[in-house]
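In the text below, chain A, chain B and the rest are named by the order of the sequence lines, each starting its count at 1.
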There are 2 protein chains.
Amino acid sequence: MATSPGARGHGVSGVGPRTREGKTPTLYDVARLAGVSTATVSRVLHGHDRVSEATRERVREVIDELGYVPDGAAQSLSRRRKEVIGLVTVARETKQYDVESMSLLFWDEVLHGVEARLRDHGWSLLITFLPTEGGGDHLERLASLSGKVDGLLIGEGMIPSARLARLAERVPIVVIAGAPDERAVDVVVADNYSGTAALVTHLVVEHGLRRLYHVDGPESAPDARERRRALEAVLASTPGGTLVGSRRGTFSVQSGEEAAQELLRDVDRLPDAVVCANDQMAIGVLQAFARAGVRVPADVAVVGFDDIYPGGLSDPPLTTVHQPMRLLGERACARMLEHLAHPDLRPALEMLPAELVLRSSCGCDPDAATRRPVPRVKAKRAGRRPSGVAG
Amino acid sequence: MATSPGARGHGVSGVGPRTREGKTPTLYDVARLAGVSTATVSRVLHGHDRVSEATRERVREVIDELGYVPDGAAQSLSRRRKEVIGLVTVARETKQYDVESMSLLFWDEVLHGVEARLRDHGWSLLITFLPTEGGGDHLERLASLSGKVDGLLIGEGMIPSARLARLAERVPIVVIAGAPDERAVDVVVADNYSGTAALVTHLVVEHGLRRLYHVDGPESAPDARERRRALEAVLASTPGGTLVGSRRGTFSVQSGEEAAQELLRDVDRLPDAVVCANDQMAIGVLQAFARAGVRVPADVAVVGFDDIYPGGLSDPPLTTVHQPMRLLGERACARMLEHLAHPDLRPALEMLPAELVLRSSCGCDPDAATRRPVPRVKAKRAGRRPSGVAG
DNA sequence: ATGACTCGTCTAAGCGCTTACACTAAGGTT
DNA sequence: AACCTTAGTGTAAGCGCTTAGACGAGTCAT
């Protein structure tokens, strides 16, 4: 019992710190050098069972001396849990900062939220950015990813809904900022509907603006869809509320500029306000208006959605709705951990409150920029999920 | 041979897609269902050896049907390689965007660079953000991290140099934006010296500015050290070049404001230019000057370093030196992969060229903002590493 | 035929942990 | 004195893969 615990075929050499030349020390090395079994070392490592103080001490010393660190792969395999979750979002390829690339900060912010929550639990975060354009081998990358993690957090629009369901058979999945009517997987999303409703209501009630123009997002974007529905609902219940025009953009600054130009050309009388489906397009509108000599907010108000950084710096500063990006990440992560703890949990929708950010492009006092929580409003028509956290 | 390959004790059930109820299918399941050995399945999986077309086909079918994906932990363990590398940088805790938090985008950008390179090789990225203040258990987190990855990319300032050396015994390490005189580990860093030299030379030669004030970074920051040395060197070799004053800041906007206030108070004649060790402080200086009615660049020029996003939006737009953040990440990653391929590679220093970004805070024409590559200049005094990529 | 190869496949030994279970010695109970 | 606990430790069977080596069956030149 004293000196010959099973060395398991490992070539033994001197008693120097690194026992098997050049190799990283393993649990067996520690056990051998401490004159105990691997079980005991493992117990010491995890503060588990009752191990005598003396033994514990001895093992600790050897661990220290060897600089031993348990191998993650072996632990994962043995525990049947990797304590790693994966995050899949958009790759940012640009070398230069610009408003466009800043919008991708959305995901960086989400990432930080996820990591913070994960860190609390001692788990790790595996990152994968997928280029949005060229389809191709993504499926394969995702499959291989799913073998390396316990769960997958996926950004909206990264993967078609059908594939999601398939993937979800292997690992739990939480979609971030996804469509609120997704059913097969968990979704954590900002309350786009209520946010836009609050914003438009602000325009209508506090600034008396009634004739609105809408710069919509792409057809495929679920968030843009929600925002549009809210706009229409508020307008419908406002006496005199009119949608004087609308145009679809691509969420880019340029498409915002184009929308503004078209608006300027086609409409003989300016609307009271231009409501854009995101901040980038609002910034584009602002730029086009500035060039055309249209004053904002004097001649027309302009508002966006998301609260990306450059919006606070534009001229005039953009009124918008804040997406709780960091929180989105944190909640998605929290849901995932719950899921792993209770594998029989049914997928649900979690909707996070947005926040109104009143700067001056809507006509508010520039010096009194404020943030204001957005109350939850129920969407009028169906299409929502019947059950879930969202109630 | 037809139907009873070793099932290895796994309880067999129906022939439905998921063979052992509820369990994720393993290589053994595939092998059994395809009527071949695990070795063969493995070969098919990796396109390896010669496997007959018929067998290959059959195995592929079963894999598909089962939705089988190899377990990453098991693969890592068996291959003795995880194909995962870790990145350790600063945690961003703020909920709000501001200039300060934008500076942390530096690391987000590095992250994207790392991921892009890693993606090319099919490896994965494990992220860990460390809060910079509260010391504590970081050491433990890092140790545990080192068991989960094949190599570690570490941001400058995250870990004291002494610990680095210890860590480096276990896994290869590349420090990003680290001190150029680190010897125990690889370092990838921007050419702070040449960048600053070019910037100051621009001030001196093209704008005829000779009396400079320096807002330095913290003593501990190696990059600030390099920048200061370059400033002094250029000044020393300039007839009439004088450092009229200097103050240490903390790299924050506020410390920049304070420096400017002190400057305004203590100096009876404004310097020709204020050279700041980073952009945040330069922005602080700009703000303080604006409040004090000092015109930039008419009364005094102000320049920064890093090229963070808000610098392009300040008034006047900030002239600065661009750090190749994304490239920093890419190169660090590339070095790491080389290291893993050739474990006997000696640690070296890789210095990346910076770029001059001429906007208008230095006195350049605002409409002619330009970027200009920075030629490599040799530092005057010693203290550099004798060998390595840096030559 | 026979040996020498080649192909395609299988067997089984790891990889470095965790952990159920078995075991021993010492102390406590009746 | 016989039996039961309990604390402390060891044994060994996995976890799901990879891969060196063995093997049987063709092929082919001798």
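Within the 4.0 Å cut-off from OP1 or OP2 of C:dC7, at least one side-chain nitrogen or oxygen of B:R50 is found. Residue A:S42 places at least one side-chain N or O closer than 4.0 Å to OP1 or OP2 of C:dT18. A close approach under 4.0 Å does not occur between any side-chain nitrogen or oxygen of A:Q75 and OP1 or OP2 of C:dG16. Applying the 4.0 Å criterion to OP1 and OP2 of C:dT18, one finds that A:R79 has a side-chain N or O inside that range. Side-chain nitrogen and oxygen atoms of B:T26 include none within less than 4.0 Å of the OP1 or OP2 phosphate oxygen of D:dG16. Contact annotation: B:Y28 side-chain N/O to D:dG14 OP1/OP2 distance is not under 4.0 Å.
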Practice item. For the pair B:I85 and B:L87, evaluate side chain to side chain contact (heavy atoms under 4.5 Å, CB included) and give the outcome as yes or no after the intermediate values. Key: CA-CA 7 Å; B:I85 81 127; B:L87 174 64; 5.9 Å; no
Practice item. Report the C-alpha distance between B:L167 and B:I154 in whole Å, list the side-chain angles of each, state the deciding distance to 0.1 Å, and finish with yes or no for side chain to side chain contact (heavy atoms under 4.5 Å, CB included). Key: CA-CA 11 Å; B:L167 249 188; B:I154 303 188; 4.3 Å; yes
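Two residues, A:T55 and A:S78, neighbour DNA chain D, and the one matched to the more 5' nucleotide by heavy-atom proximity is A:T55. The residue among B:S37 and B:A74 whose nearest nucleotide of DNA chain C lies closer to the 5′ end is B:S37. For B:T40 and B:L77, each mapped to the nucleotide of DNA chain D holding its nearest heavy atom, the one lying further toward the 5' end belongs to B:L77.
B:L130 has its side chain within reach of B:R141: a pair of non-hydrogen atoms, C-beta onward, lies under 4.5 Å apart.
Taking atom CD of A:E83 as the reference point, atom P of C:dC17 lies 15 Å away to the nearest angstrom. The distance between atom CG of A:L66 and atom C1' of C:dG16, rounded to the nearest whole Å, is 14 Å. Distance B:R58 CZ to C:dC10 C1': 14 Å, rounded to the nearest Å. Note: CZ (B:R56) to C1' (C:dG8) measures 11 Å, nearest angstrom. The nearest whole Å value for the distance from the NZ atom in A:K23 to the P atom in C:dC15 is 8 Å. If you take NZ of B:K82 and P of D:dT18, they are 15 Å apart, rounded to a whole angstrom. We find that CG of A:L45 is positioned 15 Å from P of C:dG16, with the value rounded to whole Å.
No N or O donor and acceptor, one from the side chain of A:R80 and one from the base of D:dG14, sit under 3.5 Å apart.
With C:dT9, C:dT19, D:dC17 as the candidates, the nucleotide lying closest to the side chain of B:S52 is C:dT9. You'll find that the side chain of B:L27 is closest to D:dC17, out of D:dC17, D:dG10, D:dA20. Listed candidates were D:dG10, D:dT19, D:dC17. Nearest to the side chain of B:D71 is D:dC17. The side chain of B:V36 lies closest to C:dC10, out of C:dT18, C:dC10, C:dG16. Looking at the side chain of B:H46, the nearest of the listed nucleotides C:dT11, C:dT18, D:dT18 is D:dT18.
Screening B:R117, B:R119, B:H112 for a side-chain hydrogen bond (donor to acceptor under 3.5 Å, both in side chains) involving B:E115 leaves a single residue, B:R119.
Salt-bridge formation is not detected for the pair B:R80/A:D71: no Lys NZ or Arg NE/NH1/NH2 atom is positioned less than 4.0 Å from an Asp or Glu carboxylate oxygen.
Distance check, rounded to the nearest 0.5 Å: CG of B:L111 to CG of B:L153 gives 10.0 Å.
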